[in-house]
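Below is one structure, written out as structure tokens; the observations come after it.
Reckoned from all heavy atoms, side chains included, excluding hydrogens, waters and symmetry mates. Sequential numbering from 1 along the given sequence is applied to the chain's residues.
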Amino acid sequence: MPQVSAGSLAVHRVAGWLTRAVLWVLAVVIVVVPVRMALHLLNSHDLPDQLSTPMPAVSGQERASWQAAGVGLPSHAPPVVLAYHDIRPGSGDDYVVSPERFERQLMALAAAGYRTITSDEYAAYLGGAPAGPRSVYLTFDDGTEGLYLYADRILRRQRAHAASYLISGRVGEYRPYYLTWPEVTRMAASGRWDFQAHTHDLHTRGAVGEKRVNGSLLTGRAWVADDTRLETDAEHHARIERDVGAQLRDFERHDLPRPRLFAYPFSDLGSRRDTSVRRDTARLIDTTYAAAFTNETTAPAPTSRRAARGGEIQRIEVMADTTPAQLVRQVVAWTAIAPDKLEPLTDHGRWWDSWTRTVPPLGVFTGSDPAPTGKTYVQASYAPFGSADWRDYRVRADIAGLEAGGNNANVTVRVGGAGAITCRVAYAGVQVVDQDTGRIRTSASLDGNGRHLVDVEVTAGTTTVSVDGDRIAVVRAPGTTGGLALSIRRETDSTMPRFAALTVEAVTAG
């Protein structure tokens, strides 16, 4: 057999290595590159053309009215959160806002002095950053196709930002209702959108709880084992934990930043009859996200650190028939104001009756209007959304028209927060009452008189009540925030008392 020299062997080895390298490169070209090109083409194919809408016409009178609505408001305040669902024309659905109306709403808010912010900016405020310039935080639940087709171009034209709260397991499903992942990627890259959490696939109602009520499958225990038994607390916790984990993985797989904020499906926080499940769900959401949103609460819970600690923050729900003027008025009413040098009886628009869910007739409280026929009790809260974080303030009330044994007037402080206290004043006596429990803390006699001066001071952990210059009570309170409410009552054969004057001012914390 002929001998092979070492030099020839080396040449053969190099040739073999080069052959393998060339084959490997060819494999990449033949297999990998076409796959990537196919994926790119597929993604491009999945991106429909966005649809342009004409810039809405706005009259000078409209713009002036929007600008006037923001006059006198603080330059810096906690953000007001707006809840939308979809943007598209010709729907007829109450939850779908037309592109023209949506753009007019953005123009109205900008004219009133509000900017739009990102989810990171919102979370930073909740985490302790000072309130920035007056702003709204635009949120869109569900992740609908109209956001890509219509809303995105409007945001670009108005230089605005919004957040889409995705049901991540439904992205790309039920076409063309939900967004696709390529659309989400394109929207995120624009800088106009960020994406937050609305569950993976638990935006669903079903029979929940012992009574099989139709409720959210996120916050209620479902019926399992062929609908023969109610899941245990542990099974419910595991099911919710799996959904949260799947949603976080969806975001990671599609290179989206981890969501920091959560919106409850259907604004359903769960049944108060199923306390353990309600609390467990809230704890899981609270440990996963910086805050959670709902559109319905038992008490006003606008953006405030008080609301964030309570586990739920309330949003203004924007419907198909919400006009730009109506939206601006509501946003203004939800904008925080300082408890300093206020004369609430001259600020009619900020009063709210939680029973009737309307602005009450303020003249009944001042005596300029008679009480509605048959009414023996009237109540109203002042700036219930604008006073969520009030602290260190004094309320002075001049109450007139009191009759012996016939009527009384009430001043309540820390409204909406922990430790709300009511000062109940009658012709010849006063009571200091826990608003939530009805427990009477203190009672005292007063000189029989149709007119009394009430002074209530709220400071950190303490509420001090004085009447006609005499201190009646000092009540320790667990909370330090909350606003002001008034109520008046009469017997059927008496007249209503009235508030001759009412002021609010800041006090220096001791």
Donor-acceptor pair between Asp141 and His203 side chains, under 3.5 angstrom: no
Tyr377 six-ring face occupied by Arg489 cation (under 6.0 Å, within 45°): no
Counting only heavy atoms not in Arg273, do more than 12 fall under 6.0 Å of its CZ? no
Check for me whether the distance between the ring centres of Tyr165 and His198 falls short of 6.0 Å. no
Using a 6.0 Å distance limit plus a 45 degree cone around the ring axis, check whether Arg305 lies over the aromatic ring of Tyr125. yes
Testing Tyr84, Tyr148, Tyr95 one by one against Phe140 for a ring pair (Phe, Tyr, Trp, His ring centres under 6.0 Å), which residue passes? Tyr84
Classify the ring geometry between Phe195 and Trp193 as parallel (under 30°), tilted (30 to 60°) or perpendicular (over 60°). parallel
Calculate, to the nearest 0.5 Å, the distance between atoms CG and CZ belonging to Leu345 and Phe365 respectively. 9.5 Å
Looking at Phe266, is Arg205 sitting on its ring face, NZ or CZ under 6.0 Å from the six-membered ring centre and within 45 degrees of the normal? yes
So, taking the atom named CG in Asp268 and the one named CD in Glu296, what distance separates them when rounded to the nearest 0.5 Å? 8.5 Å
Does a donor on one side chain sit under 3.5 Å from an acceptor on the other, for Ser135 and Tyr122? no
Distance col, row Thr294:OG1 vs Gln314:CD, nearest 0.5 angstrom, shows 7.5 Å
Among side-chain atoms of Arg414 and Thr463, is any donor-acceptor pair under 3.5 angstrom? yes
Residues 492-506, side-chain donor-acceptor partners within the protein, below 3.5 Å, at least two apart:
unit_1, atom_1, unit_2, atom_2, d
Ser494, OG, Gly406, O, 3.3
Thr495, OG1, Glu403, OE2, 2.5
Glu505, OE2, Arg396, NH1, 2.8

Will you find, in the side chains of Asp86 and Thr144, an N or O donor that is under 3.5 Å from an N or O acceptor? yes
Is Arg394 close to Val456 at the side-chain level, that is, under 4.5 Å between some pair of heavy atoms? no
Modelled atom types, side-chain donor and acceptor of Tyr114 and Thr335, under 3.5 Å: yes
Can you check whether Leu106 reaches Leu155 side chain to side chain, under 4.5 Å on heavy atoms? yes
Is there a donor-acceptor contact under 3.5 Å linking the side chains of Arg260 and Ser119? no
Just checking, is any N or O donor in the side chain of Asp353 or Thr358 under 3.5 Å from an acceptor N or O on the other one? no
Does Asp347 pair with Arg350 as a salt bridge, N-O distance under 4.0 Å? yes
Taking atom CG of Leu269 and atom CD1 of Ile285, what is their separation to the nearest 0.5 Å? 9.5 Å
At their closest point, which heavy atom of Ser216 faces which heavy atom of Val208, and how far apart are they? O-CG1, 3.8 Å
Applying side-chain hydrogen bond (donor to acceptor under 3.5 Å, both in side chains) to Arg101 and not counting sequence neighbours gives none
Donor-acceptor side-chain pairing of Asn410 and Ser487 below 3.5 angstrom: yes
Going by an N to O cut-off under 4.0 Å, is there a salt bridge joining Arg115 and Glu121? yes
Please tabulate, for the side chains in residues 317-331, all donor-acceptor contacts under 3.5 angstrom to protein atoms that are two or more places apart in sequence or on a different chain.
unit_1, atom_1, unit_2, atom_2, d
Glu317, OE2, Asn295, ND2, 3.4
Thr322, OG1, Met319, N, 3.0
Thr322, OG1, Met319, O, 3.3
Thr323, OG1, Gln326, N, 3.0
Thr323, OG1, Gln326, OE1, 3.3
Gln326, OE1, Thr323, N, 2.9

We want to know whether Thr422 and Gln435 form a side-chain donor-acceptor pair, criterion being a heavy-atom distance below 3.5 angstrom. yes
So how far is it from Arg439 CZ to Arg441 CZ, rounded to the nearest 0.5 Å? 4.5 Å
Minimal heavy-atom distance between Trp352 and Pro384, with the atoms involved, is CB-CG, 3.8 Å
